[in-house]
Chemist: 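Following this message is one structure expressed as structure tokens.
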Protein chains: 2
Amino acid sequence: MTPTRPLRADAARNRRLLLAAAADEFAERGLDVSVADIARRAGLGKGTLFRHFATKDDLLAAIVLDRIDALNAVGEQLLDAADPGAALLEFLTVAADQQRQRDLSFLQEAGELNADVTRARERMFRSVHKLVDRAREHGAVRADVTGADVILLMCAPNYVASYAPDASPDLWQRYLAIIFDGLRPEGAHPLPHPPPPAL
Amino acid sequence: MTPTRPLRADAARNRRLLLAAAADEFAERGLDVSVADIARRAGLGKGTLFRHFATKDDLLAAIVLDRIDALNAVGEQLLDAADPGAALLEFLTVAADQQRQRDLSFLQEAGELNADVTRARERMFRSVHKLVDRAREHGAVRADVTGADVILLMCAPNYVASYAPDASPDLWQRYLAIIFDGLRPEGAHPLPHPPPPAL
DNA sequence: TAGCAAGTTGACCGCCCGGTCCGTTTATTG
DNA sequence: CAATAAACGGACCGGGCGGTCAACTTGCTA
């Protein structure tokens, strides 16, 4: 089914160059950068980019897929951690740190049409659900918070910090801490709205 | 300086139509909708739109200016409220409710080049600082949180809720409650990063 | 080292966007 | 009601985008 003759040496190198250039460009200037700019940053022609990735969305999907898989690996490892509360916080820290982008919406947008990304995302979401369940049973997060809540809140620290004009690149840590405090059972006030359907 | 002959009746009506159509279109489909779509929704020609607003950004700025001024009015009124903690929560509720948009980034983007918006935003930010200071002195928010923090967190509930696929339009209330719990002094853990420079 | 498939490239295409312009319509007013 | 300035509308323009292609170059292999 997949004969997949191995890539020629230069082609493999160029593919890595393109992925790196695209990741940088997306991170620095948002999802609206042109493919021409990405190719230029990689030192390659636009045609080469389209030989490796049929579409701009495919390129984005390839990047996102890597990130999601890496994040999922961390999540699954943390399922065995001794302290479930600390494990969840660690997971959210890694998630925010690794995806230091101006616009994290790609999680949603890139999966829109790519089945691989959708599958990886669902796998990762399952890990989050488990992490949250464990933390809740352990009394580390409030009883009325679900995995879906945490998934939605996951990108918020980066989003919030991205609007501070002249801020340290680590400012997201502050907002992750505030939001995580909001997830703790101590001093929790009842929530005015039911959780969203599971993701 | 401003002779400003009053608008013709139809022109005034069309201006309102355009603002309403643009607000709806921006809210439903994001900032990237074309001016042609906005004009069509208003039942008018594209040329008419540009007669009232020299640029697409000017149209956005007009909408944003209205919202910011309205929000600021609420904020200033709440400065006299009996319970400073409840006042801050009420302000954040109004802010999130009134600006139920998929992308709130316009706060930053629209002010980028329009002096009126910048001024109105700064006025509104001052109100937030006062609300937060009062709430802090009253023990309703933790001591290590600043007005700038709250300004940045203000848009988060909408942002977070907007990524839930089939959710109630009021889901933001849930995340506002969680985040606000994170701002309370009870059970607060020390923050790992200093606050951003004041806005 | 010769031959060739794999890979590269940038000019090119069609599309859609924000913005302009001018012939036409219409509210106002004396 | 006539005259006029204000307002309207849509064909049109330049530009930048994602994506294609055919001529050219290059790594692999026998």
Side-chain angles (χ1 to χ4, degrees), chain A residues 2-23 25-26 28-64 103 105-106 109-110 112-114 117, chain B residues 2-26 28-64 103 105-106 109-110 112-114:
Chain A
T2 48
T4 50
R5 170 146 60 273
L7 277 181
R8 228 167 70 174
D10 58 340
R13 192 199 41 144
N14 287 343
R15 185 172 216 278
R16 282 194 304 272
L17 254 56
L18 284 166
L19 283 170
E25 208 73 14
F26 284 143
E28 287 174 18
R29 296 172 47 209
L31 262 12
D32 285 341
V33 290
S34 69
V35 293
D37 282 354
I38 294 172
R40 195 174 312 124
R41 178 155 187 161
L44 299 171
K46 199 164 59 155
T48 306
L49 188 154
F50 280 106
R51 174 172 194 79
H52 288 279
F53 307 96
T55 219
K56 187 188 181 182
D57 283 344
D58 282 358
L59 171 57
L60 179 61
I63 295 173
V64 171
D103 189 347
S105 53
F106 65 77
E109 288 165 18
E112 215 67 35
L113 226 89
N114 185 306
V117 172
Chain B
T2 50
T4 51
R5 170 147 58 275
L7 276 183
R8 229 167 69 174
D10 56 343
R13 191 199 41 145
N14 287 342
R15 186 173 215 277
R16 283 194 303 273
L17 252 58
L18 284 167
L19 282 169
D24 289 348
E25 208 72 14
F26 284 143
E28 286 173 19
R29 297 172 46 208
L31 261 10
D32 285 341
V33 290
S34 69
V35 293
D37 282 354
I38 294 173
R40 195 174 314 122
R41 178 155 186 160
L44 299 171
K46 202 166 55 155
T48 305
L49 189 154
F50 281 106
R51 162 164 271 272
H52 288 278
F53 307 96
T55 218
K56 188 188 180 183
D57 284 343
D58 283 356
L59 171 56
L60 179 60
I63 295 173
V64 171
D103 188 347
S105 53
F106 65 76
E109 289 165 18
E112 213 67 33
L113 227 91
N114 185 306

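The shown structure was predicted, so the numbers you read here are calculated from the model rather than taken from an experiment. Chain naming here is simple, since letters A, B, ... match the order of the sequence lines and numbering starts at 1 in each.
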Chemist: So for B/Lys56 and C/dG19, does any side-chain atom that can act as donor or acceptor lie under 3.5 Å from a complementary atom in the base?
Modeler: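 No.
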Chemist: Which atom names give the shortest non-hydrogen contact between B/Leu7 and B/Ala12, and what distance separates them?
Modeler: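 Closest heavy-atom pair between B/Leu7 and B/Ala12: CD1-CA, 4.0 Å.
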Chemist: At under 4.0 Å, does any side-chain N or O of A/His52 touch on OP1 or OP2 of C/dG7?
Modeler: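 So the side chain of A/His52 is outside the cut-off, no N or O lying under 4.0 Å from OP1 or OP2 of C/dG7.
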Chemist: State whether A/Asp37 and A/Arg40 are salt-bridged, where the test is any N-O pair (Lys NZ or Arg NE/NH1/NH2 against Asp/Glu carboxylate O) under 4.0 Å.
Modeler: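 Looking at A/Asp37 and A/Arg40, the cut-off is met.
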Chemist: Would the base of D/dA7 count as contacting B/Arg8 through its side chain, where contact means a donor and an acceptor less than 3.5 Å apart?
Modeler: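 Between D/dA7 and B/Arg8, which were checked side chain against base, a qualifying N/O pair under 3.5 Å is absent.
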Chemist: Can you work out whether B/Leu44 or A/Thr55 has the more 5'-proximal nearest nucleotide on DNA chain D?
Modeler: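 The answer here is B/Leu44.
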Chemist: So which of B/Leu18, B/Asp24, B/Val33 actually passes side-chain contact (heavy atoms from CB on, under 4.5 Å) with B/Arg41?
Modeler: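 Looking at B/Leu18, B/Asp24, B/Val33, the match for B/Arg41 under the side-chain contact (heavy atoms from CB on, under 4.5 Å) is B/Asp24.
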Chemist: Between P on C/dT20 and CG on B/Asp58, what's the gap in Å once rounded to a whole number?
Modeler: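 Roughly 11 Å, once rounded to whole Å.
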Chemist: Can you measure B/Phe53 atom CZ to D/dC8 atom P for me and round it to whole angstrom units?
Modeler: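 So the CZ-P distance, B/Phe53 to D/dC8, works out to 11 Å.
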Chemist: Rounded to the Å, how far apart are B/Arg51 CZ and C/dC21 C1'?
Modeler: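 Taking CZ of B/Arg51 and C1' of C/dC21, I get 12 Å after rounding.
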Chemist: Just the rounded figure in Å: distance from P of C/dT25 to CG of B/Asn14.
Modeler: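 Roughly 17 Å, once rounded to whole Å.
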Chemist: Quick one: A/Arg40 CZ to D/dG16 C1', roughly how many Å, whole number?
Modeler: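 The answer, rounded to whole Å, is 12 Å.
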Chemist: Output the rounded distance in Å from CZ (B/Arg15) to P (D/dC8).
Modeler: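 Nearest whole value for this atom pair: 11 Å.
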Chemist: Looking only at side-chain atoms of B/Ala11, point me to the closest of C/dT20, C/dG7, D/dA7.
Modeler: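 Out of C/dT20, C/dG7, D/dA7, the nucleotide with an atom closest to B/Ala11's side chain is D/dA7.
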Chemist: Would you kindly give the CG-to-P distance between A/Leu49 and D/dC21, to the nearest whole Å?
Modeler: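 About 17 Å, once rounded to whole Å.
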Chemist: Could you walk me through whether A/Asp57 and A/Asn114 pass side-chain contact (heavy atoms from CB on, under 4.5 Å), step by step?
Modeler: CA-CA 9 Å; A/Asp57 283 344; A/Asn114 185 306; over 6 Å; no
Chemist: Within a strict 4.5 Å, meaning less than it, do heavy atoms of the A/Ile38 and A/Phe26 side chains meet?
Modeler: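 Yes, their side chains come closer than 4.5 Å.
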Chemist: Among C/dC17, D/dC12, D/dA7, which nucleotide sits nearest the side chain of B/Asp10?
Modeler: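 Between C/dC17, D/dC12, D/dA7, the one nearest the side chain of B/Asp10 would be D/dA7.
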Chemist: Starting from P on D/dA11, measure out to CZ on B/Phe50 and report it in whole angstrom.
Modeler: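 Whole-Å distance recorded here is 16 Å.
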Chemist: Which is true for A/Thr48 with a 4.0 Å heavy-atom rule: it touches a base, it touches only sugar-phosphate, or it touches nothing?
Modeler: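 Result for A/Thr48 = base.
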Chemist: Among C/dC17, D/dG27, D/dG19, which nucleotide sits nearest the side chain of A/Ala9?
Modeler: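 Closest nucleotide to the A/Ala9 side chain: D/dG27.
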Chemist: Toward the 5' end of DNA chain C, which comes first, B/Val33 or A/Arg13, by nearest nucleotide?
Modeler: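 Nearest nucleotide further toward 5': that of A/Arg13.
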